[in-house]
Every structure is written in structure tokens, then in C-alpha cells.
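Everything on this sheet refers to the single structure shown next.
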Amino acid sequence: EVQLVESGGGLVQAGGSLRLSCKTSGFSFDDYYIGWFRQAPGKEREGVSVISDFDGTTYSADSVKGRFTISFDNAKTTVYLQMDSLKLEDTAVYYCKATDLGIDYWGRGTQVTVSS
């Protein structure tokens, strides 16, 4: 059974940092994409940053480039999102998502709140 479990969200002051974690389990093969999406109040869910398990290729939304960094642990079972220089507009529920063999899997989300 595929499972994605997020952690690391919380309340942080603007300009501060948080590190989100997404622990994965249940994947039979290593060739998949995994990353982070977020949904702010009243807004549609949007992609933040994605990494390829196959070759390490990354994608980041323009709004977070230079501030957020996505990475795997050594076993490639946990994906991290290091968030620096946080802004008020980064406030959202952050979701981990993996795509394997054309199937999307979602975590339940973790709240990130940035205060002034």
C-alpha cells in the first residue's frame, strides 16, 4: 500500500525557515515523481516543487525559486522541502504528491503559516 506522510509544518515569522518532510512507503519501483503542492485559503492547489526519483531532475515554481529546495534522503524514501526566506503568501496547506505508473498519490497535508 502506497502511503505518503507529511510533517514539519508550523507557524513561522516572515523571513524564517521551515523544513517539510514527506515519508514514503509501499512503492514497488523507483521510477516515479514526487514533490510538493500547496493550497492557500480561497485559492486553487498549485505545484511548488517536484523531483524525479529516476534522474534527480527538479522543478520549482517561479514564486519559490531561490528560496525553496527539494531533495531526497540517501534511501530516496523521504523527500524534503527546505523553505527559507518565507513570505506571508507562502501560507498554505502543503501536500506531498507522488506519481507512479501514471497514478497520483496524495498525503493529507501539513499547515504552514507565516506571520508578519
Side-chain angles (χ1 to χ4, degrees):
E1 178 184 2
V2 173
Q3 292 190 60
L4 305 172
V5 181
E6 304 99 329
S7 63
L11 176 65
V12 65
Q13 189 171 312
S17 298
L18 283 174
R19 189 192 195 194
L20 305 184
S21 298
C22 175
K23 183 180 293 184
T24 72
S25 61
F27 288 99
S28 298
F29 303 98
D30 296 323
D31 187 10
Y32 64 94
Y33 288 84
I34 189 168
W36 296 91
F37 288 67
R38 68 185 181 186
Q39 188 165 22
K43 306 292 289 185
E44 295 183 359
R45 192 170 297 185
E46 63 176 350
V48 176
S49 192
V50 176
I51 187 168
S52 169
D53 176 70
F54 178 67
D55 61 9
T57 301
T58 61
Y59 159 84
S60 293
D62 289 342
S63 60
V64 306
K65 285 181 178 177
R67 301 188 298 118
F68 292 9
T69 303
I70 190 169
S71 63
F72 276 114
D73 67 350
N74 292 145
K76 296 199 289 186
T77 55
T78 301
V79 64
Y80 303 102
L81 186 67
Q82 178 66 43
M83 305 187 294
D84 298 319
S85 302
L86 283 161
K87 303 176 179 180
L88 294 178
E89 54 263 41
D90 294 320
T91 294
V93 177
Y94 284 71
Y95 298 90
C96 184
K97 176 191 173 183
T99 301
D100 188 22
L101 300 177
I103 305 298
D104 293 338
Y105 303 90
W106 292 88
R108 294 183 178 182
T110 184
Q111 177 71 48
V112 172
T113 302
V114 183
S115 64
S116 61

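- Asp100 CG to Tyr33 OH: the interatomic distance, rounded to the nearest 0.5 Å, is 12.0 Å.
- Both Ile103 and Ile51 are assigned to one and the same hydrophobic cluster, defined by single-linkage of ILVMFWY side chains at heavy-atom distances under 4.5 Å.
- Put simply, the side chain of Ser49 gets close to the backbone of Tyr59: a donor and an acceptor are under 3.5 Å apart.
- Of all non-hydrogen atoms in Trp36 and Val79, the two that sit nearest each other are CZ2-O, 3.8 Å.
- Under the 4.5 Å side-chain contact rule for hydrophobic residues, Tyr105 and Val93 do not share a cluster.
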Between Ile34 and Thr24, is a side chain to side chain contact (heavy atoms under 4.5 Å, CB included) present by the stated rule, with each step listed? CA-CA 10 Å; Ile34 189 168; Thr24 72; 3.3 Å; yes

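- Within the 4.5 Å cutoff, the side chain of Arg38 has heavy atoms near those of the Glu46 side chain.
- One hydrophobic cluster, built from ILVMFWY side chains closer than 4.5 Å, cannot hold both Phe37 and Leu18; they sit in different ones.
- A distance of 4.5 Å separates OG1 in Thr78 from CG in Asp73, rounded to the nearest 0.5 Å.
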Leu20 vs Val112, test: side chain to side chain contact (heavy atoms under 4.5 Å, CB included). Steps then yes/no. CA-CA 9 Å; Leu20 305 184; Val112 172; 4.0 Å; yes

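- Put simply, OG on Ser60 and CZ on Arg67 are 10.5 Å apart, with the number rounded to the nearest 0.5 Å.
- Legend: salt bridge (charged side-chain N to carboxylate O under 4.0 Å, His left out) pairs involving residues 102-116, not counting sequence neighbours, sorted by first then second residue: Lys97-Asp104.
- With contacts defined as side-chain heavy-atom distances shorter than 4.5 Å, the pair Tyr80/Arg19 qualifies.
- The distance from the CH2 atom of Trp106 to the SG atom of Cys22 is 11.0 Å, given to the nearest 0.5 Å.
- A salt bridge does not link Asp90 with Lys87: none of the charged nitrogens is closer than 4.0 Å to a carboxylate oxygen.
- The shortest non-hydrogen separation linking Asp84 to Ser17 is OD1-OG, 2.7 Å.
- Across Leu86 and Val114, no two heavy atoms sit closer than the pair CB-CG2, 4.0 Å.
- In this structure, Lys76 NZ and Ser71 OG are separated by 12.5 Å, a value rounded to the nearest 0.5 Å.
- Leu4 is not listed as a side-chain neighbour of Tyr95, based on a closest heavy-atom distance of 4.5 Å or more.
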Working for side chain to side chain contact (heavy atoms under 4.5 Å, CB included), residues Ser116 and Leu88: CA-CA 7 Å; Ser116 61; Leu88 294 178; 4.2 Å; yes

